[in-house]
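Remember, predicted model here, so these are calculated numbers, not experimental data. All values below come from the heavy atoms of this structure, side chains included, with hydrogens, waters and symmetry mates left out.
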Amino acid sequence: MTKVYVMSSCPDCFEVKARLSDNPEFEIIDIGEHVRKLKEFIRLRDTSPAFDTVKANGSIGIPCFVSEDGRISFDTEAFIPEELPSGASCSLDGKGC
């Protein structure tokens with residue numbers, strides 16, 4: 001099962017969550033629902049080099065897909081073949097969301 005880290009207030013995550021919520025191949029983890037979920041995501045973000053470019057760009061790194069084998073991806077199109085509407089990605093510098 002692929003874990004998908006999202007946050008309800010993120011426009012890109014909203015669409016991902018809506019499209020994958022009924023798919024048993026994905027576990028949706030909304031990091032805004034509970035501090036434990038946020039801590040889990042922050043631990044992943046702080047320890048994985050996959051987030052280096054994301055952090056350098058001032059982004060948070062959601063939506064984030066973590067495959068069963070531990071691979072991390074931010075490529076929504078790889079997991080959801082249908083085209084998603086484009087939107088600003090959430091960023092720490094205030095340019096997104």
Please tell me if the side chains of Thr2 and Glu27 come closer than 4.5 Å, counting only heavy atoms from C-beta onward.
->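 Side chain of Thr2 against side chain of Glu27, heavy atoms only: no contact under 4.5 Å found.
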[X] side chain vs [Y] backbone, donor-acceptor pair below 3.5 Å:
| X | Y | result |
| --- | --- | --- |
| Ser48 | Leu44 | no |
| Asn23 | Glu25 | yes |
| Ser67 | Asp69 | no |

Closest heavy-atom pair and its distance - [X], [Y]:
| X | Y | answer |
| --- | --- | --- |
| Ala18 | Ser21 | O-OG, 3.6 Å |
| Phe41 | Ile60 | CZ-O, 3.7 Å |
| Lys55 | Asp46 | NZ-CA, 4.2 Å |
| Phe51 | Cys64 | CZ-SG, 3.6 Å |
| Phe65 | Thr76 | CE1-CA, 3.8 Å |

In terms of heavy-atom contacts, does CG of Asp22 have more than 12 from other residues, nucleotides or ligands at under 6.0 Å?
->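 Counting other residues, nucleotides and ligands, CG of Asp22 stays at 12 neighbours or fewer.
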Has Phe14 got more than 12 heavy atoms of other residues, nucleotides or ligands less than 6.0 Å from its CZ?
->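 Atom CZ in Phe14 is not crowded, with 12 or fewer foreign heavy atoms closer than 6.0 Å.
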Hey, what do you get for [atom1] ([X]) to [atom2] ([Y]), rounding to the nearest 0.5 Å?
| X | Y | atom1 | atom2 | answer |
| --- | --- | --- | --- | --- |
| Ile62 | Ile29 | CD1 | CD1 | 12.5 Å |
| Ile31 | Cys13 | CD1 | SG | 7.5 Å |
| Ile42 | Thr47 | CD1 | OG1 | 11.5 Å |

Only one of Glu40, Arg45, Lys37 passes side chain to side chain donor-acceptor pair (under 3.5 Å) with Tyr5; say which it is.
->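 Going through the options one by one, the only one that passes is Glu40.
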